[in-house]
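First up is the structure itself, then whatever we jot down about it.
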Amino acid sequence: VQLQASGGGLVQIGGSLRLSCAASVGTFSSYNVGWFRQAPGKQRELVVSMSTGGSTNYAASVEGRFTISRDNLKKTVYLQMNSLKPEDTAVYYCSADSRYSVLRYGGSVYWGQGTEVTVSS
């Protein structure tokens, strides 16, 4: 499985960005997917995960502002980020795994290369 993340950039406080993660895999619908982020000097953390059945788990810090979605035909997962705050500044990584529990705890071996999001005034 190869994952290619894109869509990061510099955005003002309160602005929006949409991240994309394209997968090179045979049956994308068989994989649970998620977005993680790592801010400078901090550990990587789960932002949101989505199971193959569509169940989602959001970090409390992004609940109501971020939305994950997936297009299995395009083999792509998206992260719509609204009402961005300075504390959302981080490198964002997508991940995929056939095991949801492994994905949620960051244990997957499949990661995108990361896309940087900077929220500034």
Side-chain angles (χ1 to χ4, degrees):
V1 179
Q2 292 186 328
L3 302 170
Q4 182 73 34
S6 61
L10 175 65
V11 63
Q12 290 188 329
I13 294 172
S16 298
L17 277 177
R18 188 195 197 203
L19 306 183
S20 299
C21 177
S24 297
V25 64
T27 309
F28 181 64
S29 58
S30 298
Y31 286 84
N32 306 286
V33 294
W35 288 95
F36 292 74
R37 67 185 180 187
Q38 186 167 19
K42 295 188 176 181
Q43 290 188 332
R44 188 177 298 186
E45 63 175 359
L46 175 68
V47 175
V48 59
S49 58
M50 175 180 269
S51 71
T52 55
S55 299
T56 57
N57 292 92
Y58 288 89
S61 59
V62 306
E63 184 90 51
R65 299 188 297 122
F66 289 12
T67 303
I68 189 172
S69 60
R70 65 189 295 167
D71 186 329
N72 288 331
L73 290 178
K74 294 183 177 180
K75 300 182 180 181
T76 302
V77 58
Y78 304 97
L79 182 65
Q80 178 66 44
M81 306 186 295
N82 298 328
S83 303
L84 284 161
K85 304 176 181 180
E87 51 264 43
D88 294 320
T89 295
V91 178
Y92 284 71
Y93 299 88
C94 55
S95 184
D97 203 283
S98 59
R99 301 158 294 178
Y100 193 48
S101 59
V102 171
L103 171 76
R104 287 191 62 193
Y105 290 97
S108 175
V109 297
Y110 305 121
W111 293 87
Q113 84 286 6
T115 185
E116 189 168 6
V117 173
T118 303
V119 183
S120 175
S121 58

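Just so it is clear, the values below take in all heavy atoms, side chains as well, and ignore hydrogens, waters and symmetry mates. Keep in mind it's a predicted model, so treat the numbers as computed, not measured. All residue numbers in this chain count up from 1 along the given sequence.
- When the salt bridge (charged side-chain N to carboxylate O under 4.0 Å, His left out) test is applied to Arg44, no partner is found at least two apart in sequence or on another chain.
- Qualifying salt bridge (charged side-chain N to carboxylate O under 4.0 Å, His left out) partners for Asp97, counting only residues two or more places apart in sequence or in other chains: Arg99.
- Residue pairs satisfying the ring-ring contact (aromatic ring centres under 6.0 Å, His included) criterion with at least one member in residues 101-121, sequence neighbours excluded, are listed as follows: Phe36-Trp111.
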Donor-acceptor list for residues 20-30 side chains, cut-off 3.5 Å, not counting sequence neighbours:
none

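- For Ser69, the side-chain contact (heavy atoms from CB on, under 4.5 Å) partners at least two apart in sequence or on another chain are Tyr78.
- Taking the salt bridge (charged side-chain N to carboxylate O under 4.0 Å, His left out) definition, one finds that Glu63 meets it with nothing, sequence neighbours left out.
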### Task
Carefully, step by step, assess Leu3 and Tyr31 under the rule side chain to side chain contact (heavy atoms under 4.5 Å, CB included).
CA-CA 12 Å; Leu3 302 170; Tyr31 286 84; over 6 Å; no
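- For residues 18-36, there are no salt bridge (Lys or Arg N to Asp or Glu O under 4.0 Å) pairs, not counting sequence neighbours.
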### Query
Could you go step by step and tell me if Met50 and Val77 meet the side chain to side chain contact (heavy atoms under 4.5 Å, CB included) rule?
CA-CA 9 Å; Met50 175 180 269; Val77 58; 5.7 Å; no
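- By the side-chain contact (heavy atoms from CB on, under 4.5 Å) test, Val48 is found to be paired with Trp35, Tyr58, Ile68, Leu79, residues two or more places apart in sequence or in another chain being considered.
- Both Leu84 and Val62 are part of a single hydrophobic cluster, where members link through side-chain heavy atoms under 4.5 Å apart.
- A distance-only check finds no donor-acceptor pair linking the side chain of Thr67 to the backbone of Gln80 [under 3.5 Å].
- Residues passing the side-chain hydrogen bond (donor to acceptor under 3.5 Å, both in side chains) test with Glu116: none are found, sequence neighbours excluded.
- Judged as a side-chain contact (heavy atoms from CB on, under 4.5 Å), and not counting sequence neighbours, the contacts of Val117 are Leu17, Leu19, Met81, Tyr92, Val119.
- In this structure Ser120 satisfies the side-chain contact (heavy atoms from CB on, under 4.5 Å) test together with Leu10, sequence neighbours excluded.
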### Message
Under the criterion side chain to side chain contact (heavy atoms under 4.5 Å, CB included), I'd like the reasoning laid out for Ser16 against Val11: C-alpha separation, chi angles, the key distance, then a yes or no.
### Response
CA-CA 7 Å; Ser16 298; Val11 63; over 6 Å; no
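- No side-chain donor from either of Ser51 and Asn32 sits under 3.5 Å from a side-chain acceptor of the other.
- By the rule that hydrophobic residues join a cluster once side-chain heavy atoms approach within less than 4.5 Å of another member, Val102 and Tyr93 end up as members of separate clusters.
- Among all heavy-atom pairs drawn from Ala5 and Cys94, the shortest one is CB-SG, 4.0 Å.
- Taking CD of Glu87 as the reference point, atom CZ of Arg37 lies at 8.0 Å (rounded to 0.5 Å).
- Qualifying side-chain hydrogen bond (donor to acceptor under 3.5 Å, both in side chains) partners for Arg104, counting only residues two or more places apart in sequence or in other chains: none.
- Summarising the local packing, CD of Gln12 is surrounded by 12 or fewer heavy atoms from other residues, nucleotides or ligands at distances under 6.0 Å.
- A 6.0 Å sphere centred on CD of Gln2 holds no more than 12 heavy atoms belonging to other residues, nucleotides or ligands.
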